[in-house]
Structures are given as structure tokens and as C-alpha cells.
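Below is one structure, written out as C-alpha cells; comments come after it.
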Amino acid sequence: MRDRLKIMPLLASLAALGIIATTIIGLPSTAPGLSAQMNANAETIGIKNVVTAVLLDFRGYDTLLEISVLMLATVAVLSLRVPPSESRRRLTGESGLLLGSLTRLLAPFMIVIAGFLVWVGSSGPGGAFQAGAVLGAGGILLALAGYDRPAWVRQSLIRVALTIGLLAFIAIALLPILNGGTLLEYPDSARKTLLLLLEGLLTLSIGASLASLFLASASRGQDGGGR
Amino acid sequence: MSTYLIYSLGGAVIFAIGLYALLARRHLVHKVIGANLMGSGTFLVLIGLGNRAPGGTPDPVPQAMVLTGIVVTVALTALGLAITKRYFSATGLDDLDTDPREGDHP
Amino acid sequence: MTLVDHLPALLIIAPLAGAAITFVTERSVDRIVAVLTSIIITLFSGMLLYRVASGGAFRYEIGGWGAPIGIDLVADGPAALFLLLTAVVGTAVTIYATAYFPKDCGTSYGHGLFWTLWLFMWTSLNALFLTGDVFNVYVCLELIGISAVALVTLKGDADALRAGARYLFASMLAAMTYLLGVALLYSSTGQLDMEMLRATLTPDSGAATGLALMVAALVLKTALVPAHFWLPTAHASAPTPVSAALSALVVKASYFAILRLMLSVMPPGFIPGAGTLLGILGSMAIIWGSLQAMRQTRIKQWVAYSTVAQIGYLFIVFPLADSGADVLAAALGGVLLHALSHGLAKTALFLGAGSLMDRFGHNEIARMTGAARTLPVLTATVALAGVTMMGLPPSGGFGSKWQLVSASIGAGQWWWALVLGLGGLLAAAYMFRVLAVLLSDTPTEVRPTHAPVRLEWLPLALAVAALFFVFAAPFVDSLAGISTIMLHAGVTP
Amino acid sequence: MMHLFDILLVGVLAWIAIGSTSEAKLFKSIVMFMVFGLFMSLAWIRLGSPDVALAEAAIGSGVTGALLLDAAGHLRRRPTPYPEEDASSTEEEADA
């Protein structure tokens, strides 16, 4: 059934559009923002990809909270799982043959892409976020293609993995305090190592969180929601 | 008309489309799509306006904010859909306008 | 740097680590982790309050960069007060929850994930009170929103799911609007740090529209009338300890962000009429919420509408903010005192109402007659918390209204004083309607209980604390002054 | 010339957005939304943000699309009331 046009929401959207568009047109056509300062500081610490520098270092605290958002959402989705009595009545997943064989080809490829993205992230485009996203998407594809999760990938294991990811991030954040700095203040001597460690960690935990966001919600038994 | 204006105004339009869907569509999944579109519109405004830096290299700060925003939005989406599915299992309804107590739903 | 200097960071990290740990531990261990975490947080919050009261406000530069490159935490008087309130209410909620949630709850109550969700929520509240960065506020709001919605849907019945869905869509709308506001604000000022924003803000339409969108989004999250539609069902259908945390803390977190934006960031009159508009909406909330509370037949809905009304008082500070330093100081002290005493009393009221519901086995007010004889402690809790809601002496509610009235008179805007008086009368009306039932002579049967006594005495203790909270007024006033908010009236803190 | 491309791209984005929110069939809506994500990636590249383009393609279109499709699949199955749900809903009515 198609919804009828509703007047109040339409007026609200048009009003929002009018206000935003007028404001945007009124803005000056050049604005430096914080780019000059960010670029200069990224150069000082020797990271070529400034976006990566902002995410992992300058505004690393945002990223810490964001990993928390991902884990929290996984917990929330788990808490909403349909009770077991219902999940027994699932339709048995019958995944398309094409999707299955395609995934078989794609999955290792995606892992390689993820690794590559982390590798280039410090100089060119790419980095933990994108690599993690690709990894997570790969995991979901596997599930969609009807792969049973291997026996060792149990729910408790996903939980442990997510927790270790967050706790390791917290540990890295707290480490500088022992060294006389503030939270997330990497000492220059160890910055490169710590950031690399963090990138790898983030890739895995973003990938794991995204995949488990899907698996947790779609976990009707072992079929992973394949249709 | 410069590039940044095209994309940031386009972002405003997409934000408004998403807003309408979130407010007016009944189906919960359509509402979730609407919220996602509001997010995409906002991101376009952010990065579009970040393209006004002199020298042609876009401001990295909006890009970092958008990357964070994309991840947060997918988290919200997952939660919204999980609630939708559970609500459907409990009531057979896929919108909030019908009161589950009244029963006799299509 | 000593431990005390790191307190802002530790207040966020401690509950976050607790949340992560409870995700993997056994359910019987979860509650121990949660109680330990709440003790640590309370200790830290107390130390931070002492540090701010004795040594003044300070900033904590995460990553050592300092604004505008990095993100700074701001520990000032109002933040320290809200943190301590969160610690006290949070500890009470934690203790209540150890008795409320059965040790083995199977698939009911969200598969036993309450503790993880709750500690995530605590993390996000502390983070929001401390942050000095407008984009970081967005991330904190999302953390609060997701944890709050998940806690509301914990029961998993149709009512809770419907309320949770409504709450989630309101949160999504608010979050996207807030982020769009940040986009416009950053695009016209090039700053994200609140202090930097205050320094660079010039009257231009980009920044004004951005800030207006951000405040509007936060108003929706705070459930100020007319954006309150999602609150009563969400707060009423949540498990009792969650209802208490939502009403006492969560709406105040987004309110705190409004306080920062309206007073710390914006100079007087930056968005013409915004303060007055918020004051009018606040007045409408006081009257509309109270009238609705009078009409409720179910006890948790009654408490939830009382929250809608009490939120209104917090907004009376905005129309008074531009009338000089003395008026702002009195009004700010007034709303902070109100937020604190309402937080304590509302926790008591929700926990008490929840216990009443459990003992009677239903939630209908009309069938709770004679509770004064059968359940004297719970009835006393409701009555004493009611004193704060009505604003009678010596409650904190009285102190806050007194200060807001004198600020209104001082600013020459006496009409707010009328609203405050009317609000007290209406609160008395909705309180007495329920108390009359509880105190009536015809006792109804109550269910025997094996629940620990803390389910009764804990709410009473909080209600008593709120009852004498007016004596904390001088201390709250002095802490309210230790903040960049006072710069709004030209006073250097 | 480039501006023509920009205007065209934004126009297509808005058109797909309207399509995906006004489409009555849920499945079509979702597919349109996923296509929307792919075009967004194009816009990000055009705006000099390859980092965002990568994330958008993987998350905005991929993961979100998978979540939406899964939900749509779930909502297609007509639920018959389960014993458990029945119990809880009668309890609710008693509460009301």
C-alpha cells in the first residue's frame, strides 16, 4: 500500500530544506576550517594521510567512543534476539548457488583487500575504518552465502573478541598516563608502533563488530539468515 | 555555480527527503531508510562545505567526522531493524500507528 | 600529573571497562563488577568535585594536543555536580537492580545483558557531562540513545518494543539534526571546541542556524514540550531501575548540553528570542505535564508525566540569562539545585512506584488503596519525594524555586514567578491525588515478597536526601559560579 | 563540463532517494537504497574523499543493505502467535 502525501511532514521537510539551503548559499565560498593546522601537525608526526591522523591521533577519543558505539549496538541487538522458541520455526535457508560460489571467490580476496587498506592507510586513502568495513562486509557475505559458522566461531567467542578489542584500545589509551602524559597521548618515540598496533586492532574489531551486528540480529540458528 | 554548492545543496535536498520519509512513512523499515538518507544528506553537506579550503585539498576534519558518522549510523540502523523484527514477531505489525491491543490488523 | 588530574578521563574509562568486562563474565559476576564500578565512580566523582571546589575548573587535553587540534574535557562546577548526581543515582540504581533482576533470567530481560547496557549508559552520561567538543557531544548522544533504547526494550513485550521504537526514531531524528547543525557551525566558524567557538563566534547566519538546529535537536532529546511525545511510554514501560535512570539522568544529560551551548558558547542575544522561546516552552511543559499527570490512571505513567513537568523548570534559566551577573548566578544555581534535587527525588519516586507496582501486582493507582498501612515505607517514600516535586521547604525543590523566583523578579520578568507558583500548585494537585489513594482507610491485599529490604529503604533514603537538599544550596551556588557559563554575563570565573 | 556531471550526479542521487522512500514494495526500496549508496561513493570520490568513498561502499551500501534485506526477509514471514508471546500479551492486558 502506498502512503498518502502527508501535509505536516511535507511542510517540515520543506522548511528544513529552505533554512539549510539559505544558510549554505550565505556561507563564504572559501573557508580554511582546521585543515592548515591539521596538515601541519600530521606532517610533524609523520603521517601522510591526514584523515588517518585525525581519526587515530588528534581525535582518537572520538574513535574510542565510536568503537564503544559499535560494541554497544552489538550488545543491544543481542539483547533483542528473538526467543529460541521462535527461532526454531525459521525457514531453512537456501542460498543461491551463484552467491555461494561468488563468495567463495570473494572472501579471501576481501581479506587481502582489508590488509592492503591498512597497509596503505598511513600514506594514501585507506585505513582501519575502511579495512574493517571491508572485512565486516566479507563476513556478512559469508553468512549470507549460507556458510555455517565454523564450530569455533561461537557466540561466546564473538563476545570475547569484541571485549578484548575494546579493552586493548582502553589499555593503549591508558598507557601514556603511566608515562606522564594524558589519555591517548602517544610519546613520539613509540607513536608509530602504537598507531600501527591500533590500526590493526581497529581493523579487526570494526570488522568483527560489523559482522556480529549482522550475525547477532540474523542469527536464526546457524543459517545466518541466508535466503 | 561551484562544485561545493552543488553537492552541499544536494545534501540539503537529500536530508529533507529523508526527513519526510522518517516522519511520514508508516512502515518501520522505510523510517529506517529515511533516517539513513538524513545521515547521507548531512554527510554531503559536511564534506561539500569542507571542499572550500583554499588550495583544492579538502578539509580532513569533516572527512573524519563523516567516517565516524557512517559507522554510528550503521549501528543505529542495526538496532532499529532488530527492534522492528522483534516487534513484528510479537505483534505481526510493521508500523507504530496501529495499536497492537486493538488487534484485527491486516 | 597526579591521579586527581586524570579524573576526567578515568571517570569515562572506568565504566567503559566495566561494560566491556560484564559482556564476557558470568551473570553472577556481572553484578559484582557493576557494584565495584559504581563504588569507584562515586569515589572519583567525589574527588573531582572536591578538586573543582578547591582548585577551580580545569581542562584535560586528550592526546596532549589541546583544542582546536584535539578534544578537551572540561571539569567545571556544573559538570562536577552532574557527575556526582549521576554517581549517587547510578549507585542507587545499581543496588536496586541487583535485587530487581533475577540472577538467572533466561531469555526474559534481554538475555541478561542489562549490566553491560547499563554501564555503557553510565559511560556515555559521564562522557557527555565532561566533553568540551561539539562533535564529541554527537558521539556521546548516540551512545546514550542506543543504550537507553536497548534498556527500554529489555522486557521485550509489545509495549516496551513500541515505546523503544518510538524513542529510537526520536533519537535518530535528533542525532541527524544535531549533526547537521554541527556541519553548519563548523563550516562557518572552523571550530569544534566550545571555548574556541565562544572566542571566534561572530554574528552570522551560518553559525546561528547551526546552533539553532543543535539546540532544537537537544530539546527533542530532553523531551521538552511539545517534543515530549516519546517520553511517557518509554519511561513507563522500561524496567523500574531503568525508568529511574532515564528520568533522573538521561534527560538531564541532553539538557546539560543545551546549557553549554546556550550559555557557554553563545553570547547574549546571539539567536534573538531563543531564550524567551525556551522559557515559554518550559512553562508550557510545567503546566501541560502536570495536567497530564493528574489524568493518569497508571502509576508509572503518572511519574513519567511528572518528569515532563519538572523538565520545564530547567528551562526558566534561559530567558533570565541576559539580565546581568547576579540574576544569571541566582538562576543558574536555581536550575542546578533543581536538577540535583529532582534527580534524587525522581529516582526515589520511580523506584518507590516500581516497588508498589510489584507488591500490588498491578499498576493501577485506583486499586492501591490503603498502602499506608500495608506498605508504610513505600508510601512515605512517595510522600517525601512529593514534597520535593511540589517545592515545599526544606526540600531542594523549594530552594530552587526560591532562587528562580528571585531571579525572575530581579530581571523584571515577574511572569516566570507566576508560572513557578502555578507549577507548585499543580504538582500538589497531582501528588495529593495519588497520596489520597495510598493513605485511604480501605486496605487492599498486597503480595507477600521475598525481595530484599533494600527495595524499600533505598528509595526512602533518596527521598529524604532530596527533602533536606535546600541546605546544599550555598554549596551548589558556589560551584555553579566555577564555570565558563558565567562568562555569558561578563564575569570571569 | 565537470559541473554538468556534478549536477547530473546530485540529481540522480535525489531521484533515487525519492524512489527508495516512496516505493511501496519494500524489497525495491532497499535495492534502490543500496544503489543510492554506490552513487554516494561516486560523489565522495568527486569531492576528493576516497577514504569516505571506501567506507560508504562497504558500510553504507554493503552492511546496511544486508541488514535491510535480512529485516525485509524476516517481515515477509507471517508470524503465527507463539505460545510465549501469547502469555506475555495476556499479561499485558491484565496490567493495562
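All heavy atoms count here, side chains included; hydrogens, waters and symmetry mates do not. Here is how names work: the chains are called A, B, and so on, in the same order as the sequence lines, proteins then strands, and each is numbered from 1.
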>> With chain B as the partner, which of Leu67(D), Val52(D), Asp6(D) has the greatest number of non-hydrogen pairs under 4.5 Å?
In response: Asp6(D)
> Top residue by heavy-atom pair count (under 4.5 Å) with chain B, among Gly37(D), Ser29(D), Ala55(D)?
Replying inline: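 That would be Ser29(D).
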>> Looking at Thr64(D), is its backbone amide N or carbonyl O close enough to the side chain of Thr77(B) to form a donor-acceptor pair, meaning the two atoms are under 3.5 Å apart?
In response: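 Pair absent, no side-chain N/O of Thr77(B) close to backbone of Thr64(D).
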>> Has Thr91(B) got a side-chain atom pairing as donor or acceptor with Leu93(B)'s backbone, closer than 3.5 angstrom?
In response: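 Yes, because the side chain of Thr91(B) sits within donor-acceptor range (under 3.5 Å) of the backbone of Leu93(B).
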> Do the charged groups of Arg26(B) and Asp94(B) touch, with an N to O distance under 4.0 Å?
Replying inline: no
Is there side-chain contact between [X] and [Y], with heavy atoms separated by less than 4.5 Å?
| X | Y | result |
| --- | --- | --- |
| Leu69(D) | Phe27(D) | yes |
| Tyr87(B) | Leu28(B) | yes |
| Glu56(D) | Ser61(D) | no |

>> Which atoms of Ile14(B) are under 4.5 Å from chain D, going by heavy atoms: the side chain, the backbone, both sets, or neither?
In response: side chain
>> Heavy-atom cut-off 4.5 Å, strictly under: side chain, backbone, both or neither for Tyr20(B) against chain D?
In response: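 Neither; nothing under 4.5 Å.
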Heavy-atom pairs under 4.5 Å with chain D: which of [options] has the most?
| options | answer |
| --- | --- |
| Ile70(B), Thr57(B), Thr84(B) | Ile70(B) |
| Ala78(B), Gly34(B), Ser40(B) | Ser40(B) |
| Val66(B), Ile47(B), Val13(B) | Ile47(B) |
| Leu67(B), Leu44(B), Val71(B) | Leu44(B) |

